[in-house]
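All figures in this text were calculated on a predicted structure; none of them were measured in a lab.
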Amino acid sequence: MIRGRVLGAGTATLFAVLLISGCGSTSHTAEPGVTSAPSHASASTNAGSASSATDTAAPQEGAQDQSSQIAAIEHDVSQANAADSQVQIDLNAAAAAQAQNDSP
Amino acid sequence: MNRSVRFAIAGTAVAACASVGLATPVWAAGSASTSLGARALTEIKANAASAISLRLSALTTAISAVNNNVWLTSSDKSTLLNTLDGDQSNLTALAPKIQADTTIPQARTDAQSIVLTYRVFALAIPQVRLSAATDDIIGGALVRLGDAKNRLSGLLSGVDSSKDTPAVQALMSDLANRIQTVTTATSGLSASILALTPAEYDANYTLLSAPRQTLVTSGYNLGEARNDIETVVGDLK
C-alpha cells in the first residue's frame, strides 16, 4: 500500500525548526512567543500587560516585566505539559492498536 | 484450520471408499459437499465482514483523534487523514467484493488482504499515532520549552542577573542539553515512521520499536526539562 505521508512530516519538522530558530518568536507580547500555537493556546491572559506599562517608573517596569515573563514561562511549561500528555495518549493508542490481533 | 481438517476428513473418506471399490457416497458428490463448501464460504465472508468492521471502527477513532489533535500542523493533519481515509475507503470497498466472491480461494485471498494489504492495527494506526506524538513534541513541547528557555535566559542576563548562580547555570545547561537532545532525536522521525510500508512490517515485526523508544526517551527528557525550568523559576520568584 502506498503511504504518501512523507511530505507532511517533513513540513512539520521544517516548521518546528523554523520556530525553534526564532522565526516564530515574539518578544513579551500577549501570546508567549509562539505564533504557531494551537488555537486553544491563545487563551493565555497572563502575559499581555507587559508592554502597556511604558509610563511607569523604571523599577516598577522591571518588576512588572519580570513578573509577566515568569507568567509567560509558566504558561509555556503548562502548554509543554499538555503537549506531553498528548504524546502519552498517542503512544498508548499506538500500543493498544499493536496489541490487536493483526494476523491473516 | 477447522475448515482444512473437515476437508481432509471428507477427502480421506472419499478416497477410502474408492480404494475399497465402494460407490462414491452421495454426500461426497452431491448436495452435502456443496453444502460444506457453501458453509466454508459463508464462514470466510462472515469473518471478513467482522474483520473489516473492526478495522473501520478503529480507523474512525484514529481519524477523530487526528482531527482533535491541536499540536498537529494542518499539513501533517492532512497527510495523516489522507492515509486513514484511504484505508477506510479501500476497506469499505473490499467488503462487498468479498461478499460477492463465489469461490473459497477467491474469498480467502480477499479476506487475507484485509490484514496483509493494510496492517491497520500493526502498522497504520501506530504509524499515525507515533507520527502525531512526534509532532506533539516538535510543534508543542519543544517550541514551548524553547520559548521558556529563551525567556529565562533573558531574565538571567537582565533583571535577574544577580540570581544567575552556578546552580542555576547548571540547570540552564541541562535544560539546553535536553532540548537539543530531543530536537536531534525527533528530527526526521515522523517522516521515517510514515515512510514504513506493510511489506516492510511483514519483513520485520519490530519495525516500530526503535521510534517508539525514541519517543518514550524524548518524553522523559522533556519532563526533566520542565523540572529544570520550574526549579529556576522558583529561584527567580
Side-chain angles (χ1 to χ4, degrees), chain A residues 1-13 15-17 19-20 22 24-25 28 32-34 36-41 62-63 65-66 69-70 72-104, chain B residues 58 65 69-71 73 75-76 78-80 82-83 112 115-119 121-122 125-126 129-133 135-148 150-152 154-155 159-160 183 187-188 190-191 194-195 197-198 212 215-216 219 222-223 226 229-230 233 236-237:
Chain A
M1 179 177 57
I2 302 299
R3 299 195 187 284
R5 308 165 189 168
V6 178
L7 177 60
T11 305
T13 303
F15 189 62
V17 169
L19 285 172
I20 291 166
S25 68
H28 45 279
V34 187
S36 66
S39 56
H40 79 277
D65 185 63
Q66 197 257 15
Q69 288 291 312
I70 293 288
I73 289 166
E74 288 174 336
H75 178 73
D76 276 336
V77 171
S78 168
Q79 290 295 297
N81 193 40
D84 225 8
S85 297
Q86 184 62 49
V87 171
Q88 288 308 314
I89 290 170
D90 285 325
L91 287 176
N92 290 339
Q98 287 179 294
Q100 296 268 350
N101 180 16
D102 212 10
S103 301
Chain B
N69 187 323
V70 297
W71 306 107
T73 64
S75 63
D76 268 6
S78 171
T79 303
L80 296 174
N82 279 345
T83 299
Q112 286 176 338
V115 171
L116 297 176
T117 302
Y118 301 98
R119 288 291 186 190
F121 292 128
I125 290 177
R129 292 296 200 155
L130 296 181
S131 296
D135 278 7
D136 299 336
I137 290 174
I138 294 175
L142 274 178
V143 172
R144 292 295 183 164
L145 294 179
D147 186 68
N150 291 340
R151 287 177 186 279
L152 277 177
L155 290 173
V159 67
D160 285 318
T183 300
S187 175
S190 186
L194 293 175
T197 64
R212 179 183 181 80
L215 290 167
V216 170
L222 292 173
R226 285 200 309 274
I229 292 171
E230 285 168 350
V233 166
L236 297 187
K237 279 184 173 176

Quick one: of B:G140, B:S78, B:A141, who has the most non-hydrogen atom pairs under 4.5 Å with chain A?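 Most pairs with chain A among the choices: B:A141.
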
Between B:S131, B:G223, B:G146, B:A122, which residue shows the highest count of heavy-atom pairs closer than 4.5 Å to chain A?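 So the answer, after comparing B:S131, B:G223, B:G146, B:A122, is B:A122.
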
Measure across [X] and [Y] and return the closest heavy-atom pair with its distance rounded to 0.1 Å.
X	Y	result
B:G219	A:D84	O-OD2, 3.7 Å
A:V77	B:R226	O-CD, 3.8 Å
B:I125	A:A97	CG2-CB, 3.6 Å

Just verifying a value: how many Å separate [X] [atom1] and [Y] [atom2], rounded to the nearest 0.5 Å?
X	Y	atom1	atom2	result
A:L91	B:R129	CG	CZ	10.0 Å
A:D90	B:L215	CG	CG	9.5 Å
B:L145	A:Q79	CG	CD	11.0 Å
A:I70	B:L152	CD1	CG	6.5 Å
A:D76	B:I229	CG	CD1	7.5 Å

Heavy-atom side-chain contact between B:L155 and A:I73 under 4.5 Å: yes

Side-chain touch B:V70/A:Q86, heavy atoms, less than 4.5 angstrom: no

Give the C-alpha distance, both sets of side-chain angles, the deciding distance and a yes or no for side-chain contact (heavy atoms from CB on, under 4.5 Å) between A:I89 and B:D136. CA-CA 10 Å; A:I89 290 170; B:D136 299 336; over 6 Å; no

Go through the atoms of [X] and report whether side chain, backbone, both or neither lie under 4.5 Å from a heavy atom of chain A.
X	result
B:A58	neither
B:I137	both
B:L236	both

Is it the side chain or the backbone of A:A95 that comes within 4.5 Å of chain B heavy atoms, both, or neither?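 Both parts, backbone and side chain.
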
Chain B interface, residue from A:A83, A:S78, A:A99 that has the most non-hydrogen pairs under 4.5 Å: A:A83

Please determine whether a side-chain nitrogen of the Lys or Arg among B:R151 and A:E74 lies less than 4.0 Å from a carboxylate oxygen of the Asp or Glu. no

